[in-house]
2 protein chains.
Amino acid sequence: MTAPDNASLYRSIADELKAAIRAGVYAPGARLPSESELADQYDASRGTIRQAFAALVADGVISSRRGARRTVLGGPRLQSFADLVSFSRWARSVGEEPSGRVARLEHRAATLVEAEQLALAEGANVYHLTRVRMLDGRPVMIERTAYPEPVGELVVGIDPSGSITERLEELGLIFADAEHTIDAVPATAEDARLLAVRSRAPLLRERRRTTDPSGVPLEWSEDRYLGQEVAFTVRNSVNRNALSRWHSGPEVS
Amino acid sequence: MTAPDNASLYRSIADELKAAIRAGVYAPGARLPSESELADQYDASRGTIRQAFAALVADGVISSRRGARRTVLGGPRLQSFADLVSFSRWARSVGEEPSGRVARLEHRAATLVEAEQLALAEGANVYHLTRVRMLDGRPVMIERTAYPEPVGELVVGIDPSGSITERLEELGLIFADAEHTIDAVPATAEDARLLAVRSRAPLLRERRRTTDPSGVPLEWSEDRYLGQEVAFTVRNSVNRNALSRWHSGPEVS
DNA sequence: TAGTGGTCTAGACCACAAA
DNA sequence: TTGTGGTCTAGACCACTAA
């Protein structure tokens with residue numbers, strides 16, 4: 001809809017196939033047309049059709065095996081990268097109204113973790129923003145984000161009740177890669193107060209580092225979701241793999 | 001090492017590049033050789049080199065942008081699909097000794113959820129196995145897995161202290177696609193007893209459905225990890241995307 | 001401006017699945 | 001056995017980055 005859609009043939013073919021799957025033309029389990037059929041239909045080469053299919057496989061929409069036609073996978077629809085990095089965009093994509101309330105905004109020296117994640121020198125300053133994020137007025141998440149100074153100086157000029165990520169993109173920043181770590185933690189006293197839950201209630205914690213296309217960190221965020229309200233879904237297969245399990249070792253007593 | 005390694009040129013090139021990155025030949029942030037350089041070096045066509053690079057991008061190892069050379073991303077090393085579906089394989093890949101203890105094995109009618117996830121008719125039977133999984137003797141996870149009858153009949157003949165997934169693969173089953181949903185839940189009384197934690201302690205819950213190449217469900221599992229011991233990591237980018245956020249709505253009081 | 005990656009074509013041979 | 005997807009080649013043109 002609003003996406004820039006850097007049009008390429010294989011992208012538009014992939015989008016058409018995705019739309020057809022979403023519309024139920026190809027139900028879960030159904031077999032898709034062969035590469036040669038689509039090549040004729042779109043007057044494209046086989047390589048281009050394969051590129052389109054590869055995008056669907058990467059998105060976990062279809063599965064592919066040699067000798068048999070590709071089949072549609074079932075399950076929840078996927079969201080785009082932009083939906084994942086921006087809470088506001090995600091909320092709207094699932095039909096809920098996002099909002100935000102600032103709990104704290106600081107300009108201070110980076111902690112050790114922040115300096116490491118943002119690749120800053122020790123003692124460098126960061127802007128640190130704590131927000132409570134809501135869906136249709138109900139608080140579901142606490143967002144604690146550290147920005148390096150050049151980014152933070154832009155952030156302080158942005159209305160914090162809406163989407164900061166979208167404003168930063170309008171200002172020319174490019175959010176290209178993100179790395180997420182997901183675990184479960186008990187709510188601290190502050191968490192409990194901001195989310196209106198019992199202290200030590202289980203929260204889903206997502207720590208995220210987002211970088212621009214050349215790998216320069218743009219933000220480091222620790223988000224805590226109400227465990228019962230939000231979950232993360234991952235698809236992976238023998239061919240494509242973007243998830244990994246992580247073990248911290250027995251660090252705490 | 002032990003992988004079947006269905007050799008193809010682009011795979012072996014990708015493996016060599018991965019090994020070089022792992023070994024530090026290309027450090028995080030470093031720029032990789034150009035496509036044409038590698039094409040000369042490996043006496044391969046540019047398309048093959050691109051295919052190798054695509055595999056690295058999909059695994060979140062490098063980033064790629066038009067006009068500039070590809071660069072190495074930082075962060076934890078990725079695990080293979082097999083490592084993710086099999087606890088035993090994952091444990092060994094991070095250098096710990098896995099073990100398991102059976103808490104319960106039942107042959108009974110499927111619950112509603114199990115029937116839906118395994119695509120069974122209502123009233124069909126499943127085999128349901130509850131195991132406590134340990135790393136170096138410390139319990140870190142409870143695994144509750146339902147198998148459809150044809151699979152379950154194989155499972156009952158397998159030594160449950162080791163890897164069931166690996167035995168099933170030796171028997172010819174192919175685990176091809178998996179879908180994971182991750183959230184946080186409080187420990188039940190049984191959870192608390194099996195994991196030796198306080199009741200209502202935060203646990204990371206992973207629900208996983210694994211299918212064979214044609215989409216037939218092989219297992220449905222609900223695993224609960226100690227939140228402080230295990231985390232999941234996801235990489236995504238504007239190009240590749242396998243993670244999605246999920247919102248259940250206000251279903252519980 | 002020179003070099004790089006992104007896209008696309010038109011062929012070829014092979015491994016595998018399904019009928 | 002036939003058709004499918006998996007791999008690979010050798011070219012071409014373009015958009016973009018970086019010097």
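Chain naming here is simple, since letters A, B, ... match the order of the sequence lines and numbering starts at 1 in each.
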Between its two end axes (five pairs each) the helix from C/dT1-D/dA18 to C/dA18-D/dT1 turns, nearest 10 degrees, through 20°
Which pairs would a plain distance check flag for residues 108-120 of chain B, meaning a side-chain donor or acceptor within less than 3.5 Å of a matching protein atom at least two apart in sequence or in another chain?
unit_1   : atom_1 : unit_2   : atom_2 : d
B/Arg108 : NE     : B/Glu106 : OE1    : 2.9
B/Arg108 : NH1    : B/Glu114 : OE1    : 3.1
B/Arg108 : NH2    : B/Glu114 : OE2    : 3.2
B/Thr111 : OG1    : B/Glu114 : N      : 3.2
B/Thr111 : OG1    : B/Glu114 : OE1    : 3.4
B/Glu114 : OE1    : B/Thr111 : N      : 3.0
B/Gln117 : OE1    : B/Trp220 : NE1    : 3.2

Choosing from [options], which nucleotide comes nearest the side chain of [X]?
X       : options              : value
B/Gln51 : D/dG5, C/dT4, D/dC8  : D/dC8
B/Glu35 : C/dT7, D/dG6, C/dG5  : C/dG5
A/Arg70 : C/dT9, D/dG5, D/dT7  : D/dG5
A/Ala68 : D/dT4, C/dA18, D/dT7 : C/dA18
B/Ser8  : D/dC8, D/dA18, C/dT9 : D/dC8

Going by the salt bridge (Lys or Arg N to Asp or Glu O under 4.0 Å) test, which pairs reach into residues 43-56 of chain B, not counting sequence neighbours?
B/Glu35-B/Arg46, B/Glu35-B/Arg50
Quickly work out the [X] [atom1] to [N] [atom2] distance and round it to whole Å.
X       : N      : atom1 : atom2 : answer
B/Ile49 : D/dT9  : CD1   : P     : 8 Å
B/Phe53 : C/dT7  : CZ    : C1'   : 17 Å
A/Arg31 : D/dG5  : CZ    : C1'   : 13 Å
B/Leu9  : C/dC14 : CG    : P     : 16 Å
A/Glu37 : D/dT2  : CD    : C1'   : 14 Å

Expected string for nucleotides 10-15 of chain D under the B/S/- scheme (protein heavy atoms, under 4.0 Å, primed atoms plus P, OP1, OP2 as sugar-phosphate) is --B--B
Any side-chain N or O of B/Thr48 below 4.0 angstrom from OP1/OP2 of D/dT9?
yes
Does C/dG6 have OP1 or OP2 under 4.0 Å away from a side-chain N or O of A/Arg11?
no
Answer yes or no: are there more than 12 heavy-atom neighbours, outside A/Arg92 itself, under 6.0 Å from its atom CZ?
yes
Do side-chain atoms of A/Arg131 reach the backbone of A/Pro160 as a donor and acceptor pair under 3.5 angstrom?
yes
Apply salt bridge (charged side-chain N to carboxylate O under 4.0 Å, His left out) to A/Arg207 and list each qualifying residue two or more places apart in sequence or on a separate chain.
A/Asp183
[X]: side-chain hydrogen bond (donor to acceptor under 3.5 Å, both in side chains) partners, not counting sequence neighbours:
X        : result
B/Thr145 : B/Ser221
A/Glu16  : A/Tyr42
A/Glu37  : A/Arg69
A/Glu149 : A/His107

Please classify the nucleic acid contact of B/Tyr10 as base, sugar-phosphate, or nothing, using heavy-atom distances under 4.0 Å.
sugar-phosphate
If you look at every strand shown and take non-hydrogen atoms under 4.0 Å, does A/Arg50 touch a base, only sugar-phosphate, or nothing?
base
